[in-house]
Amino acid sequence: MKIEIPTTCPCCDYKLELVNDQLFCRNTACGAQLGKKVEHFCKTLGIKGMGPKSVEKLNLQDLTELFYLDLDSVVEALGSEKTATKLLDEIERSKAADLATVLASFSIPLVGATASQKICSVVEHISEINYETCKQAGLGDKVTENLVGWLQTDFPDLQEFLPFSFKSTRISTSNSNSNNKTVCITGKLSSYKTKAEAYKALETAGYKAVESVTKTTDYLVDEEDKASTKRKKAESLGIQIITNLNTFLKEKIHD
């Protein structure tokens with residue numbers, strides 16, 4: 001049986017775009033996409049009880065609607081005053097989220113927890129994010145383009161309707177053991193579950209994480225010990241190679 005390639009989105013009937021054998025709906029008002037963005041927003045902010053079913057029952061189509069829910073409408077949608085009260089308490093608690101968490105919740109392409117933590121290590125408020133501070137934070141060109149572009153186009157329409165302070169809990173990099181040195185990570189890690197955890201540990205210890213190896217890079221973390229491009233460049237520049245980041249940071253703390 002011949003399979004026909006869909007030409008329109010099954011949710012909004014918008015024309016689909018074929019890119020590298022994948023179909024994309026580019027309609028920013030597509031209900032399915034908006035619902036998923038709200039789900040991601042709530043999950044990242046840690047709002048308990050706001051899963052896919054709750055989002056659907058409350059018919060949330062925009063991030064800002066979350067903060068204008070009233071008890072009666074939530075009770076009507078979810079069928080329980082106790083559940084509704086707990087959910088509204090969770091939403092109220094989420095308003096205290098710091099900038100790194102808030103940025104990661106907006107579904108900005110390539111701007112997840114790691115990129116958000118990086119930029120928030122060099123800025124104190126969302127208004128300070130620009131091409132220069134993104135470069136200072138070690139963000140890649142595409143990540144920077146997506147983040148700055150989103151702040152210029154989408155954020156202005158959202159800002160006044162969102163309750164956040166948009167301030168970061170900026171981590172001081174004045175640690176005397178690190179002297180503001182830069183660290184690049186290549187390959188998979190064994191000492192940390194994710195790179196996000198590794199970046200957090202580096203920032204807490206006072207190091208600045210960067211994405212590329214340059215002559216100003218102080219350390220390269222390569223726990224796989226493979227002949228990667230970054231490894232070869234680091235060796236050619238005489239940069240110290242770290243084979244276990246966790247051990248390295250513990251030794252530095254006790255120095």
Side-chain angles (χ1 to χ4, degrees), residues 17 19-20 22 24 26 28 37 40-41 44 98-155 166 168-171 173 178 180-224 226-237 239-242 245 248-249:
E17 181 180 339
V19 181
N20 296 327
Q22 290 183 306
F24 293 90
R26 302 299 188 185
T28 56
K37 286 183 178 180
H40 175 73
F41 184 71
T44 306
D98 65 9
L99 181 57
T101 303
V102 173
L103 281 179
S105 73
F106 284 134
S107 297
I108 307 169
L110 302 181
V111 183
T114 299
S116 298
Q117 288 169 5
K118 283 186 176 183
I119 189 61
C120 288
S121 70
V122 300
V123 303
E124 295 181 354
H125 188 268
I126 197 169
S127 61
E128 298 174 14
I129 299 177
N130 51 44
Y131 285 101
E132 184 178 343
T133 52
C134 284
K135 183 177 181 181
Q136 184 183 347
L139 298 184
D141 293 340
K142 190 61 179 178
V143 177
T144 298
E145 182 182 336
N146 290 348
L147 177 55
V148 175
W150 184 87
L151 289 171
Q152 294 173 343
T153 57
D154 294 55
F155 182 61
F166 297 107
S168 71
T169 53
R170 183 174 176 178
I171 301 171
T173 56
S178 67
N180 298 324
K181 292 187 175 182
T182 58
V183 181
C184 179
I185 298 176
T186 184
K188 294 181 180 180
L189 297 171
S190 57
S191 61
Y192 289 91
K193 291 183 178 179
T194 64
K195 283 189 177 180
E197 291 183 7
Y199 284 130
K200 185 71 173 179
L202 284 168
E203 291 167 359
T204 301
Y207 291 87
K208 178 184 175 183
V210 295
E211 292 190 351
S212 57
V213 175
T214 67
K215 61 181 180 180
T216 60
T217 305
D218 295 291
Y219 302 99
L220 175 71
V221 178
D222 182 12
E223 296 188 353
E224 286 189 298
K226 290 185 176 180
S228 65
T229 302
K230 288 182 179 179
R231 173 75 178 239
K232 291 177 180 178
K233 187 172 182 180
E235 291 176 340
S236 69
L237 293 171
I239 294 171
Q240 182 177 337
I241 309 296
I242 300 171
L245 180 57
F248 170 80
L249 291 177

Please enumerate all residues that pass side chain to side chain donor-acceptor pair (under 3.5 Å) together with [X], with sequence neighbours excluded.
X      : result
Ser127 : His125
Ser191 : Glu223
Gln22  : none
Thr216 : Thr214

Do Ile108 and Leu151 have side chains that get closer than 4.5 Å, going by heavy atoms? no
If a pair satisfies salt bridge (Lys or Arg N to Asp or Glu O under 4.0 Å) and one of its residues is in residues 110-121, list it, with sequence neighbours excluded. Lys118-Glu211
Considering only residues two or more places apart or on different chains, which pairs with a residue in residues 146-155 satisfy salt bridge (Lys or Arg N to Asp or Glu O under 4.0 Å)? none
Could you give me the CA-CA distance, side-chain angles and deciding distance for Thr217 and Leu237, then say whether side-chain contact (heavy atoms from CB on, under 4.5 Å) is met? CA-CA 9 Å; Thr217 305; Leu237 293 171; over 6 Å; no
Determine whether Val111 and Leu139 satisfy the following criterion, side-chain contact (heavy atoms from CB on, under 4.5 Å), listing intermediate values before the conclusion. CA-CA 10 Å; Val111 183; Leu139 298 184; over 6 Å; no
Closest non-hydrogen contact found for Ala209 with Leu202 is CB-CD1, 4.3 Å
Of the options Ile239, Val213, Val221, which is the one that meets Lys230 in a side chain to side chain contact (heavy atoms under 4.5 Å, CB included)? Val213
Test of understanding: with salt bridge (Lys or Arg N to Asp or Glu O under 4.0 Å), list the residues that count as partners of Lys226, not counting sequence neighbours. Glu224
Sequence neighbours excluded, which residues qualify as salt bridge (Lys or Arg N to Asp or Glu O under 4.0 Å) partners of Glu197? none
Tell me which pairs pass side chain to side chain donor-acceptor pair (under 3.5 Å) where either residue lies in residues 98-114, with sequence neighbours left out. Asp98-Thr101, Asp98-Thr169
Just jot down the ring-ring contact (aromatic ring centres under 6.0 Å, His included) partners of Tyr192, sequence neighbours excluded, or say none. none
Residues passing the side-chain contact (heavy atoms from CB on, under 4.5 Å) test with Glu145, sequence neighbours excluded, are Lys142
side-chain contact (heavy atoms from CB on, under 4.5 Å) with Asn130: which residues, sequence neighbours excluded? Glu132, Thr133
Should the ring pair Phe166 and Phe155 be called parallel, tilted or perpendicular, given that the plane angle runs from 0 to 90° and is split at 30 and 60? perpendicular
